[in-house]
Amino acid sequence: MAEQRKLWPFHGGLHLDDHKAESNASPVRSVALPRRLILPLQQHIGQRAEPVVSVGDAVRKGQLIAQATDYVSASIHAPSSGRVVEIGAAPIPHPSGLSDTCIVIETDGLDSWDELPAAMPDYRNADAADLRERIRWAGIVGLGGAAFPTAVKVNTSGQRPIDTLVINAAECEPYITCDDVLMREQAADVIDGIDILSHLIGARECLIGIEDNKPEAAEALRRAIAGRASGHDDRPIEVVVVPTLYPSGGEKQLILLLTGREVPSHGLPAAVGVLCQNVATVVAVADAVLRGRPLIERIVTVTGGGAKQPGNLRVAIGTPIDFLIAQAGGYSTHINQLILGGPMMGFGLRSDKVPLTKATNCLLAASRTETPNSQPERPCIRCGECARVCPAQLLPQHLYWHARARDFDKAQEYNLFDCIECGCCAYVCPAHIPLVAYYRFAKTEIWAQERDRDKSDLARRRHEARVARLERLEQERKARLRQKKEALDSKSGKTGAGDAKKAAIEAAMQRVAAKKAAQQVESGTE
Amino acid sequence: MQFSISSSPHQSGQQSVTRVMGLVLLALVPGTLAMFWYFGWGPIINLGIATATAVAAEAAVLHLRGRAIGVTLIDLSAVVTAWLLALALPPLLPWWQTAMGSVFAIVVVKQLFGGIGHNPFNPAMAGYVLLLVSFPVTMTRWLPPDVVSGSALSLADSLHIIFSGTPPLGQTWDAISSATPLDQMRTELSQNRMIGEIRQSPLWGDFGGRGWEWIGNWYLLGGLFLIWRRVIGWRIPASMLAGLVLIAGLFWAIDPDTHPFPAFHLFSGGAILGAFFIATDPVSASTTPRGQLIYGALIGLLVFVIRTWGGYPDAVAFAVLLMNMAAPTIDHYTQPRIFGQRGRGDA
Ligand code: SF4
Ligand code: SF4
């Protein structure tokens, strides 16, 4: 179609077998509603949501059941109607395999909707704050896997103005096709969502980055763009087809690829005037604004040699994964591992008795040949292959040496925190070193150390505040004594009242200072 | 259902240390055959001795350190070390000297530093230098290439010489041995002869020693194969050879009577073998892209300096070992800029 836009390739990357054909051949299927929906209170980055229902309450589809507690948090809604039967710890899909608080709803099968807020078809005339509030209400988080609350991400006030909205439709991980089929089937919703976001953040143009292994999806988007009702002040949207090269869907890699702008190390895309959103997130925004619907379902890819009928399913959030897989045809005899996410960045589930969360884009039921047991780790031969493929342009072998030696300062010097854990380095390492595991270990250790430091900082400041308070009390006592003495003295006609006044002012000033110190302690805990 | 879990990524490519080492060995085949072609059985016998002792030494040390022997031996790195050492040795070196160099390379230089991946020095070159300083006479006693001598030593004669340490019955060392072209050049230059005169001798071919110059080409072939298979990068070989040719060219341009043509440096001694197979040994080389350029260029420079003003027959081993020492420092100062640091460092 249009002439190819100039692209700015990123460093490294891998050509992987994409294994998309297994799951993207058929349309999205709907699955039955499970008897129980399990909704973890934390499905997002930030603070846990707070339940607003109690055990025994009847809930209806779309009803708010847990409220965002903080600015960085996300609300949760009932994906179907029924009754709350439990609020308590249950296993959640997390690399740690731990449990967390969940709201369990027993569905009644009626699937009856709660009263929804009014649609906002006239969003172009709506206040930005109202739009953000709607997105926040809907509990939308980044659906590409990061699960960062979208309402926070789109609040760009006070930052450098955003001129470009980048839509991440690259879907670069092998096996995953949920975004592919979403674009094919709901291209118009994608474009609606983009118009809303562009309007909200004031972007001048929107670039949709999509890998060249999804021609149908790209074509569907182009058609939807061409068919847009004209007459609005809508900004241009361009579908930019990029070569299939893992990890082109890394946020910073995609932004570089499409715009030539390099998001600074430790920085956000806003620093280069870009906001990046996953394509499924954009559709959720359109749902919230144009239909008043909260985020209660999503499309998930079930695939791999261990799944009998690979494909994409539209699933209520909170659906237990074992139920979901059974609905999708069940496991084949080849099943070896169950991976949540893709083969490069996903994590293994020990058990399938965990619920599907907002950020779950793929369940890879992998056969032994797809995820072979890792080979024995050998010493690093310093071949530099890892550095050659690292899209963050790091020196993974140095990171590994320092992480292994627990020299975390050195690891940070080598920019450990710029590692996006894409796994390219470990993929090519001839010594079969699980490099990413070392980096995660180092990051976790550093965070733990920082927490400890913060704690001791806090303790120190508390101590200082206490000392200040005691001192103030002492001063006040002295001042009172002095006053009394002066009063006595003045009675006896010795000195004037000036000193007493001074002392009183001094004491008041000390009180203010102490209060300030105490406030500092409080803000330090946030 | 319960599943086993592992850390991401859950897939990996096909490569392994064994495969890398195997490709290096494969790439050495043409050069080795050329050595056989020009020098007869000697290099092949050396190869056998070095490999057997290296593997035995590696197994013994691993056993003493309580490590699994199989996994490590299977990576072929000991074989690569032995092979590189053998190719650098004179064809008729007494067997026990070859064995000693090989054991030293594996036990002291490699395993005592912690095994593969931990040795700061290239083991093969350290073994070579040990032999050179310990046995200067035998280590400089080369054969003339068969194209020059016109007659090849039989397998029996070669075995006899290597295992007895004496020349075949009725022959003297002087009759069968000869200096390497590099040695020859230095000796004659030191007698104030001009390059033009020196090159009259039948020892000389088009740009290097006869026979010798062609071996370099076969190593070059293997080296290019390794670059193509991405076992090694282009930076170190290219910058090392460029460094060597540039400085040699500079001196040659200034005084062509006392400095040989740059191609002579390129195709004599171990320059090509060193550039593609030895300087590129990833464990002991620089690892950053810019660092590798500097590392290679300095090796090239040092090779010229040591060849021209030093007292040893070849300089590749010394140059590589010297730069091995500098590699960590070079790495430290040449960290590439990372993603998101545009403008800082080089782009
Ligand atoms: S790829 Fe593996 S063996 Fe090679 S340098 Fe990196 S960590 Fe070391
Ligand atoms: S996992 Fe980290 S170090 Fe490894 S290639 Fe990806 S970004 Fe680089």
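Note on naming: letters A, B, ... go to the chains in the order of the sequence lines (proteins, then strands), and numbering restarts at 1 for each one.
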Q: Under 4.5 Å heavy-atom distance to chain A, tell me which part of B:V283 shows up: side chain, backbone, both or neither.
A: both
Q: Could you state the interatomic distance from CZ (A:R382) to CG (B:D331), rounded to the nearest 0.5 Å?
A: 6.0 Å
Q: Answer with side chain, backbone, both or neither: which region of A:L435 has an atom nearer than 4.5 Å to a non-hydrogen atom of chain B?
A: neither
Q: To the nearest 0.5 Å, what is the distance between CD1 (B:I338) and CG (A:D418)?
A: 3.5 Å
Q: If I compare all heavy atoms of B:F339 with all of A:P391, which pair ends up nearest, and what's the gap?
A: CD1-O, 3.6 Å
Q: What are the two closest heavy atoms between B:P336 and A:L395, and how far apart are they?
A: CD-CD1, 3.7 Å
Q: Is any side-chain heavy atom of A:P430 less than 4.5 Å from a side-chain heavy atom of B:R19?
A: no
Q: Taking the side chain as C-beta and beyond, is there a heavy-atom pair between B:R337 and A:S265 under 4.5 Å?
A: no
Q: So does A:R440 have more than 12 non-hydrogen atoms from other groups sitting under 6.0 Å from CZ?
A: yes
Q: Among A:Q253, A:H398, A:R388, single out the residue with the greatest number of heavy-atom pairs under 4.5 Å to chain B.
A: A:R388
Q: Count the heavy-atom pairs under 4.5 Å between each of A:A392, A:A387, A:G384 and chain B, then report the option with the highest count.
A: A:A392
Q: More than 12 foreign heavy atoms under 6.0 Å from CZ of A:R350: is that the case here?
A: no
Q: Sort A:E370 into side chain, backbone, both or neither according to what part of it lies under 4.5 angstrom from a heavy atom of chain B.
A: backbone
Q: With only heavy atoms counted, which part of A:M345 is less than 4.5 Å from chain B, the side chain, the backbone, both or neither?
A: backbone
Q: Heavy-atom cut-off 4.5 Å, strictly under: side chain, backbone, both or neither for A:P434 against chain B?
A: neither
Q: Any side-chain heavy-atom pair from B:Q11 and A:Y427 closer than 4.5 angstrom?
A: yes
Q: Based on non-hydrogen pairs under 4.5 Å, which of A:C424, A:C390, A:C383, A:G346 is most in contact with chain B?
A: A:G346
Q: Taking all heavy atoms of B:P9 and all of A:V436, pick out the closest pair and write down the distance.
A: CD-CG2, 4.0 Å
Q: Please classify the contact between A:I339 and chain B as side chain, backbone, both or neither, with a heavy-atom cut-off of under 4.5 Å.
A: side chain
Q: Can you tell which part of A:C422 gets under 4.5 Å to a heavy atom of chain B, answering side chain, backbone, both or neither?
A: neither
Q: Distance check, rounded to the nearest 0.5 Å: B:S8 atom OG versus A:M344 atom CE?
A: 8.0 Å
Q: Determine the minimum heavy-atom distance between B:V17 and A:A431, stating which atoms define it.
A: CG2-CA, 3.8 Å
Q: Could you report the tightest heavy-atom contact between B:Q15 and A:V428, atom names first, then the distance?
A: CG-O, 3.0 Å
Q: Tell me the closest heavy-atom pair linking B:H10 and A:G342, and the distance in Å.
A: CD2-O, 4.1 Å
Q: Tell me, for A:F441 versus chain B, whether the close heavy atoms (under 4.5 Å) come from the side chain, the backbone, both or neither.
A: neither
Q: Is a side-chain donor-acceptor pair under 3.5 Å present for B:T18 with A:R378?
A: no
